[in-house]
Number of protein chains: 2
Amino acid sequence: MLIDLTNSDKAAMRQKTPQKAPLRSSGKIGSDIRALRRSRNWTLNDLAEQLDRSVGWLSQVERNVSEPALDDIRKIAGLFSLPVSFFFTDAAVSDEAAYIVRAGSRRIMSDAPKGLAESLLSPDLGGAFEIVHSVFAPGAACPESFVRPTEEAGYVLEGSLVLFIDGVRFELYPGDSFHFAGEEITWINEGKTNAVLIWVIAPPVY
Amino acid sequence: MLIDLTNSDKAAMRQKTPQKAPLRSSGKIGSDIRALRRSRNWTLNDLAEQLDRSVGWLSQVERNVSEPALDDIRKIAGLFSLPVSFFFTDAAVSDEAAYIVRAGSRRIMSDAPKGLAESLLSPDLGGAFEIVHSVFAPGAACPESFVRPTEEAGYVLEGSLVLFIDGVRFELYPGDSFHFAGEEITWINEGKTNAVLIWVIAPPVY
DNA sequence: GTGATGAAAAAATCATTGAAAATTTCATTT
DNA sequence: AAATGAAATTTTCAATGATTTTTTCATCAC
C-alpha cells in the first residue's frame, strides 16, 4: 500500500521536539490575523514592519503559538480598519463555533461609513469567499464608487437598494439578486427603511 | 512603448476572415453548456462522446457559433439532470440580464429530490461560486448524505432546517448561517413549513 | 514562564520549459 | 446552417531552479 504524505505530515514527522503546543488561550485571533493579512496580499514582513515587530514574532502569533499584547491587537485592528471587538467574539457552543454563526452573534466588521453596518456570516475569515450581512440605513450612500478585483454577488432580504454597475442604475427589491466582477460599483439606499442584503465576495477582502 | 498583447488579441489580429459572428440568436445556451461541462470536469471529447457528436461541433456550440438541435439540448439537459427549461429562461431587460436576477425569474434547477426546489440566483453559471435559492418542503430529507470537494455556506431565510455536519446535528433558524468544506453532509426539514435558504457553493457544481 | 528577536533552515511561490492534452479553426460534405 | 475530421493553436501540467516567504530555534528580556 502506498501512502501519500502531505507536506504537513512530513513536517510533523521530521520534528524531534514536540514544539510549543499551538493554541493556548481561546486562540483564533492568530488565524484571523493571518487571513486578514493574506486578503491584503501582505507578507509577514510587510505587516511586521508596520507593527514594528519581528517577522518571527508575527509568524508565531499568526500560528497561535504566542499571544500579541493588547496594544499590538489595537494596532492590528487599526491597520485593517476593524473594531477591536472583531477579534473577541464569543464563540458559542464549542462544536458550533467551527461551522455555525447564530443570528445573534455575528462578528461586526464595521459601522464606519456611517450608514452601513456589516457583520460576518462565516465562522471565520479565509476560504474561497466570504459572506457578509449588510444593513444600509435609509439615505446611506456609498462614499465613493469602487472597483475590486473580486467576484461579488448579493441578495436583497429587506428594503430596497439602488446599485450602479458601471454607471447603469438598477433598483433592487427583496428577492432580487445581482452578480458582478470587476465593474465599477456604487450604491445608495433611497428608501425610507433599512436595506438588508447578503453579500458574497470572492476572494475575501476583509 | 511596449504593448503586451494578450493571446486573444493576437488571435484576433491573425484572423484573415472575420469568422462567423459568435452569438447569433439569444445565444447564451452555449456558454451555459460550457460552464456545466467544466463544473463536471469533462472535456469536449467526454461530452461529445455522450452526445454522439464531434468535438468540433461541440466546440462551436459552446462558443455560440452554431446552434444545437432541440434534440441535442434535451440530451444535454438530461446529462446534467436539469430541466430543459433551464436553458431557456427569459432574459429580462437587456441591460439587466448580465447582472441581475429578479425574484420572479430565476432559473429553476430542480424539483427532483421530491421536496427540494432549487433555483439559480446568479445570472449565469461559471465564475468562482454559485448562489442557489433552495426551498425545502416540510418533511423533506436528503436522500443520502454527501461529500463534495467544495466550500459551501448558507443562510436561513425562513423556516428551520436540521443540518448534519460530519454527523453532528445543528438546528438552524432564520438569520443563522453555516459554513463547511469537505465534511459529510445531510439535512432534513423537521418543521411544518418550508425552509428557505440561500446556499453558496464554490466552485460551482451545477 | 512568556514575549520578543535575529538568523538559519525549511517550505512555498513563481517563472521557465518541454511534452501532452484540449480546444479552435476551417475546408468540405450533408 | 449543421456537422465532420484533421490540422493548427492554445491550454494544461509536471519538472526544475531561483526567489521569496515562513517557520524554527537558540537566546535575551521582562
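All figures in this text were calculated on a predicted structure; none of them were measured in a lab. Letters A, B, ... are given to chains in the order of the sequence lines, protein chains preceding strands, and every chain is numbered from 1.
- Protein atom CG of A/Asn64 is 15 Å distant from nucleotide atom P of C/dT2, rounded to whole Å.
- In this entry the distance linking CD of B/Gln60 with P of D/dT9 reads 17 Å, nearest Å.
- A side-chain contact (heavy atoms from CB on, under 4.5 Å) with B/Leu120 is found for exactly one of B/Val101, B/Leu125, B/Ile108, namely B/Leu125.
- Of the listed nucleotides (D/dT22, C/dG6, C/dT25), D/dT22 has the atom at the smallest distance from the side chain of A/Leu44.
- The interatomic distance linking B/Leu47 (CG) with C/dT24 (P) rounds to 13 Å, in whole Å.
- For the OP1/OP2 pair of D/dA1 and a distance below 4.0 Å, the side-chain nitrogens and oxygens of B/Ser66 include no atom meeting the criterion.
- In the set C/dT23, D/dT22, D/dT4, D/dT22 carries the atom at the smallest distance from any side-chain atom of A/Arg37.
- Atom CD in B/Glu62 sits roughly 14 Å away from atom P in C/dA22 (whole-Å rounding).
- Residue-level contact check: B/Ser59 touches the bases, meaning some heavy atom is under 4.0 Å from a base atom.
- Checked against C/dG3, C/dA4, D/dA2, the side chain of A/Glu67 finds its nearest nucleotide in C/dG3.
- In this model, no donor atom of one side chain and acceptor atom of the other lie less than 3.5 Å apart for A/Glu130 and A/Ser122.
- Between A/Trp57 and B/Pro68, the residue anchored closer to the 5' end of DNA chain D is B/Pro68, taking for each the nucleotide with the nearest heavy atom.
- Following rounding to the nearest Å, B/Arg53 (CZ) and D/dA2 (C1') show an atom-to-atom distance of 9 Å.
- The shortest distance between the side-chain N/O atoms of A/Arg34 and the OP1/OP2 oxygens of D/dT22 is not below 4.0 Å.
- One can place CG of B/Asp46 at 7 Å from P of C/dA22, the figure rounded to the nearest angstrom.
- Residues B/Ser119 and B/Met109 come closest through the heavy atom pair CA-CG, 3.9 Å.
- Listed for the B/Glu151 side chain is a donor-acceptor partner under 3.5 Å among the backbone atoms of A/Ala128.
- Taking atom CG of A/Leu58 as the reference point, atom P of D/dT23 lies 9 Å away to the nearest angstrom.
- Note: A/Phe136 and A/Trp187 have perpendicular aromatic rings, judged against thresholds of 30 and 60 degrees for the angle between ring planes.
- Taking atom CG of A/Asn45 as the reference point, atom P of C/dT13 lies 17 Å away to the nearest angstrom.
- Which of D/dT4, C/dA22, C/dT5 sits closest to the side chain of B/Thr43 comes down to C/dA22.
- The side chain of A/Arg63 has D/dT24 as its nearest neighbour among D/dT4, D/dT24, C/dG3.
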